[in-house]
Every structure is written in structure tokens, then in C-alpha cells.
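Structure first, then comments.
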Amino acid sequence: MLYSSTRGGEAGITASQAILKGLAADGGLFMPETLPTLGKPLTELARMSYQDLAYEVMKEFFTDFTEQELRDCIAHAYDAKFDTDRIAPLVKKDNAYFLELFHGKTIAFKDMALSILPHLMVTSARKNHCQDRIVILTATSGDTGKAAMAGFADVPGTEIIVFYPYGGVSKFQELQMRTEKGRNTHAAAIRGNFDDAQTGVKQIFGDHEFAESLKERGVVLSSANSINIGRLIPQVVYYVYAYGQLLNAGEIEAGEAINVCVPTGNFGNILAAYFAKHMGVPVAKLVCASNENKVLTDFFATGSYDRNRPFLLTSSPSMDILISSNLERLIYLSCGRDTGKTAELMENLKTKGAYSVTEEMKRFMEDFVGGSASEQEVSETICTLQKNTGYVIDPHTAVAKTVYDRYRAESGDTTKTVIASTASPFKFAPVVLTALGRNGKRDDVFAVIDELSALSGVAEPKAVSEVRTDPIRHNTIGEIRDMEGIVENFLFKM
């Protein structure tokens, strides 16, 4: 299986090379030359552990890894750092199945891929005789940052630098990043929003003179964002796993189609579900749920992508995004892998902030349904679900549940649906408690967590306990224009 850039500048790239590079030299994203199919029937895969299933899925994409290499990466990733042997449990509540993706080290779904990416990357470096220090450079809207820092912490031969929007993540998310202990980890708050930080990171990757300067000093940059194919493919696994859990529980018959609803920001998580569909998982509709930054909802309704709109800060900050980078991969597929067309549309997005797809491309994407949720609706959904079932969800998951409920009511589609539950409610305790009608003091995040624990009857996760006691280690605040200088300062202590 070889990889090529969505914009045509690189082709014939191996999986390990694509993982190591992260972003193609022309600014495009690496895509497999074909979307493979599962090598075994779903009824057989359903009987496997998460680790064995991960191997069966990933081996179809990462074909230049030996079986031992890939199994070693998986074994190091999906181990005791998860608080359940099932890794990604499925919980049935209120006519939906919540796929709990928050049982890892940082209680958010980013752990599912960022637990394995460091091991894939170090193995890729060894396979390609890379002696340089690998520096992971990433922007985060909240969860990627801590999950990446935790994943790469003290991994030999690597360092990680995370940029996050100053004031644009939750207090708890910020504390998670600022208390990370890894000696090779760095975090900087940037004055601006997530799109600003992400654009700044892309500009650094596109600055070939800067890259050459770093290379001369023994440093090579790579990415941990979901633009890295090594981050995207591990996410495919849990959708295959969810289908297997439904089979094992007798909730569906073999071959029965399901829907998948995903709270969506950068489009990687729902794109992984699309990949799972094309590997052979019977997925009917992919419900793309947005918060009030509903650029994707409008895109799937009209075929026009337009980021020229106010950027709103919401209670679901990991979805506060107006440039959904992974959508480029779907655009590429929808135009028949036409790299020229893809590059043209991405250039329009860069220069004009907007682009429109053809009617044929729009038809290609008919499996996707967009929907959005207001802040008021998110709050009501958290409250109603807890009142009716006792089950407490975070605001991102509530966006998805809100959109799913509306889609089901308006379409009459009662297909059994898996909702990606992307974060623990403890990560957003102030929002959750307010939604549940507890309007007490909100400036002490840990007092709020204690209250939520008492209300829900669920003990706080280990990730919360660690943040309570760990000292602040990362204090950098900077401007977008200074990001390259911040990188140099972190790496070379200037």
C-alpha cells in the first residue's frame, strides 16, 4: 500500500514515510492509493480483543511494517493506561449506543490514536534510517494537545511542541497541558483562535528554509494532528470494534446496517468512520454533528464551504473550528482523486476563504448528513439524558446526541446508531453541572469535579487526580507571527 498527496506533489510514498512526514511537501494530505477491505468477516473480527482487531485493520494500511513491528506498537499503546480492558466500551442509552472513547490517559478520544502514534513514528524513523531528532509540531483546540504530549512524553528521539489558543480551551484542558511532566514536551498559548494556531503550524511546515535550517541542526518536523495518516487510521479500528460489540450483544444481525453520529471539528474522526464503511462495515448514514460553528453543516447542505463567518467560542471547544483540515481527503475522493481539482479548491479556501464542489462531488458525499446544535440545545440534552437515564455526557457528545435526535425525528430513520462519545464529562465539569441545574461557584474547577462525582456516582478518573497535584511547568504565551521563534527557543533554548 503506497500513499500520495491529495494535491499531486508526492506519490509512491510508503506508510512509514507518510507517518514520518505527516504533511506532504506540497501542503496536501497523504492518502492510500486504494481504500482496502477487511481481510476477515466481521463475525470473526467481533470475537477478537481490541488489540487483535487493531492489528487486522492497521495491517491493511501499514503494509511496510512487519507483523511483529505493528503488534509491538499496538501492545505498547492499548495497555494498562486505559481504565477498561475493552478499551472502547459501547453503552446503550435512550435509543442510541454511546461508544465511549474516553477511557485513556487524558479522558478524551484523542488517546485512541495518540497512544499508538509515537510508537508508529519511532518505528517509522528506524525503518527509514532517520537519525534526526523527530519534533512533533501540532495545534490543538483542546484535547489533541494533552493526548499528544502524554503519548510522546519521554519517548526517546522525539520532542513535542503544542500550540493552543489562549483562552480558547477549557480550564481543565489548559491545566492538563500546562502540568505535563515529560521532559521532551512543550506547550505555548497563542493569542488567536484554533484556526489561527493551526494555520501557523501549517505555515511552519510549508517554510522550506526553516525546515532546512532545522535539518542542519539535526531536527526533522512531523505532525500529530489528524492530518497525519498514522493518527487517522487507528481511529478506524473503534468503528469496526463498535459493530462487533453490537453483534456480540445481539443488538444487530450480521450484515445489518447501522448509522454513525460523530461530533465533528477537524473531520478526522468521522472520516475514520467513512474509511470503516469502505473496509466493509455496514454503515448507512454518517451524521456529522457541529456546534454553533456550523461550517460543515452548511457545506453538506449546500456544497459550498465558507469559513468567512464569525468564530464562536462554545462549551464544546474541541469543535470550535472553521477550517476542517481532513475534509480535504473526502474532497479528493469525491472528485475521483483529481489532485489538480483538490489543489484548486484548497487554494480557493486559502485565498478566498471559500470554495464550492460540483453536483457530482456533492452526490458522492450523500452518505453524510450535517446538523448542528445550539448552546441551549446542548445544555438541555445533557440535562434530559441524565434525568431520564442517569447517564452523564460531556458537551461534545451532547452536540452529537442533539443532532442525532433531530435527524431521527425529521427523517424517520430509526436505524440503530452509534454515537461517538468523545470526552469524559469530568473534562468539562462546569458546563455539565450548569446544564444539570447546579449553578453554584464555578471558578474552582476541582470543587466542580467533586460535585459532579457526587451527583453522578462515578469516581473521578486518574487523569483528574494527577492534574490536581502536578505543578505548572509550561507558561509560554506568544503571538502567531512568533511561532517559528517559539519553536527554536524550545528546541535550542535560545
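Residues: numbered from 1 along the sequence shown. Because the structure is predicted, anything quoted here is derived from the model rather than measured.
Remark: the backbone N or O of Ser372 is paired with a side-chain donor or acceptor of Arg406 at under 3.5 angstrom. Judged purely by atom type and a 3.5 angstrom limit, Asn293 has no side-chain atom pairing as donor or acceptor with the backbone of Ile321. Side-chain atoms of Lys81 come within 3.5 Å of backbone atoms of His76 as a donor-acceptor pair (strictly under, hydrogens ignored). Remark: the backbone N or O of Val357 is not paired with any side-chain donor or acceptor of Lys341 at under 3.5 angstrom. Side chain of Arg71 to backbone of Asp52: no donor-acceptor contact under 3.5 angstrom is found. Between the Glu10 side chain and the Ala25 main chain, a donor and an acceptor come within less than 3.5 Å of each other. Proximity of a side-chain donor or acceptor of Ser223 to a complementary backbone N or O of Leu23 within less than 3.5 Å is not detected. When atom types are taken as modelled, the side chain of Asn266 and the backbone of Gly268 share no donor-acceptor pair closer than 3.5 angstrom. A donor-acceptor contact shorter than 3.5 Å links the side chain of Ser324 to the backbone of Gly265. Judged by distance alone, with hydrogens and angles left aside, the side-chain atoms of Arg231 form no donor-acceptor pair with the main-chain N or O of Ala113 at under 3.5 Å.
Enclosure of atom NE2 in His278 by more than 12 non-hydrogen atoms of other residues, nucleotides or ligands within 6.0 angstrom is indicated.
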Does the side chain to side chain donor-acceptor pair (under 3.5 Å) test come out yes or no for Asn193 and Asp195, once each step is laid out?
-> CA-CA 6 Å; Asn193 59 40; Asp195 287 340; 5.4 Å; no
Apply side chain to side chain donor-acceptor pair (under 3.5 Å) to the pair Asp320 and Thr314, showing each step before the final yes or no.
-> CA-CA 7 Å; Asp320 290 345; Thr314 73; 2.8 Å; yes
Take Phe267 and Phe299 through the ring pair (Phe, Tyr, Trp, His ring centres under 6.0 Å) test and state the conclusion after the steps.
-> CA-CA 12 Å; Phe267 205 74; Phe299 170 70; 8.2 Å; no
For side chain to side chain contact (heavy atoms under 4.5 Å, CB included), just list the numbers for Phe62 and Cys73, CA-CA rounded to whole Å, side-chain angles, deciding distance to a tenth of an Å, and then say yes or no.
-> CA-CA 12 Å; Phe62 302 150; Cys73 290; over 6 Å; no
Verify side chain to side chain contact (heavy atoms under 4.5 Å, CB included) between Met1 and Thr34, making sure each step is shown before the conclusion.
-> CA-CA 8 Å; Met1 177 69 76; Thr34 59; 3.6 Å; yes
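Under the side chain to side chain contact (heavy atoms under 4.5 Å, CB included) criterion, Lys202 pairs with Gln198, Ser325, sequence neighbours left out.
Judged by distance alone, the side chains of Asp306 and Ser304 never bring a donor and an acceptor atom under 3.5 Å apart. Defined by atom type and a distance below 3.5 Å, a donor-acceptor pair is present between the side-chain atoms of Thr6 and Glu328. Residues Ser16 and Ser124 have side chains that never bring a donor and an acceptor to within less than 3.5 angstrom of each other. No hydrogens or angles considered: nothing links the side chains of Asp207 and Gln203 as a donor-acceptor pair under 3.5 Å. Between the side chains of Asn348 and Tyr305, not a single donor N or O lies within less than 3.5 Å of an accepting N or O.
When the options Thr417, Val369, Thr414, Ile419 are evaluated for a side chain to side chain contact (heavy atoms under 4.5 Å, CB included) with Asn259, the one that passes is Thr417. Among the candidates Val236, Leu42, Leu35, Thr37, the single residue satisfying the side chain to side chain contact (heavy atoms under 4.5 Å, CB included) test with Met279 is Val236.
Under the 4.5 Å side-chain criterion, counting only non-hydrogen atoms from C-beta, Tyr238 is in contact with Asn269. With a 4.5 Å cut-off on side-chain heavy atoms, His396 and Phe109 do not count as touching. Under the 4.5 Å side-chain criterion, counting only non-hydrogen atoms from C-beta, Tyr97 is not in contact with Ile258. Looking only at side-chain heavy atoms (C-beta outward), Thr140 and Gln173 stay at 4.5 Å or farther from each other. Under the 4.5 Å side-chain criterion, counting only non-hydrogen atoms from C-beta, Leu2 is not in contact with Ile13. In this structure, the side chains of Phe163 and Ile486 come closer than 4.5 Å at one or more pairs of heavy atoms. Put simply, the side chain of Thr415 does not reach to within 4.5 Å of the side chain of Glu256, judged on heavy atoms.
No close placement of the Phe275 and Tyr239 rings is indicated, their centers lying 6.0 Å or farther apart.
What you find for Met319 and Val399 is that their closest heavy atoms are CE-CG1, 3.6 Å. Nearest heavy-atom pair, Val201 versus Met483, reported as atom, atom and distance to 0.1 Å: N-CE, 3.6 Å. Of all the heavy atoms in Tyr50 and Ala88, the pair that sits closest is CE1-CB, 4.4 Å.
Contact check on Glu100 versus Arg86 returns no salt bridge, with no Lys/Arg side-chain nitrogen under 4.0 Å from an Asp/Glu carboxylate oxygen. A salt bridge links Glu488 with Arg217: the distance from a Lys NZ or Arg NE/NH1/NH2 to an Asp or Glu carboxylate oxygen falls below 4.0 Å. Comment: Glu251 does not engage Lys416 in a salt bridge, judged by the lack of any side-chain N to carboxylate O separation of less than 4.0 angstrom. A salt bridge links Glu180 with Lys146; the closest basic N to acidic carboxylate O contact falls under 4.0 Å.
Rounded to the nearest 0.5 Å, atoms CG (Leu221) and NZ (Lys215) are 11.0 Å apart. Put simply, OG1 on Thr185 and CE on Met177 are 11.5 Å apart, with the number rounded to the nearest 0.5 Å.
Sorted by first and then second residue, the salt bridge (Lys or Arg N to Asp or Glu O under 4.0 Å) pairs involving residues 110-130 (not counting sequence neighbours) are Glu69-Lys127. Among pairs with a residue in residues 271-290, those fulfilling salt bridge (Lys or Arg N to Asp or Glu O under 4.0 Å) read Lys277-Asp367, at least two apart in sequence or across chains.
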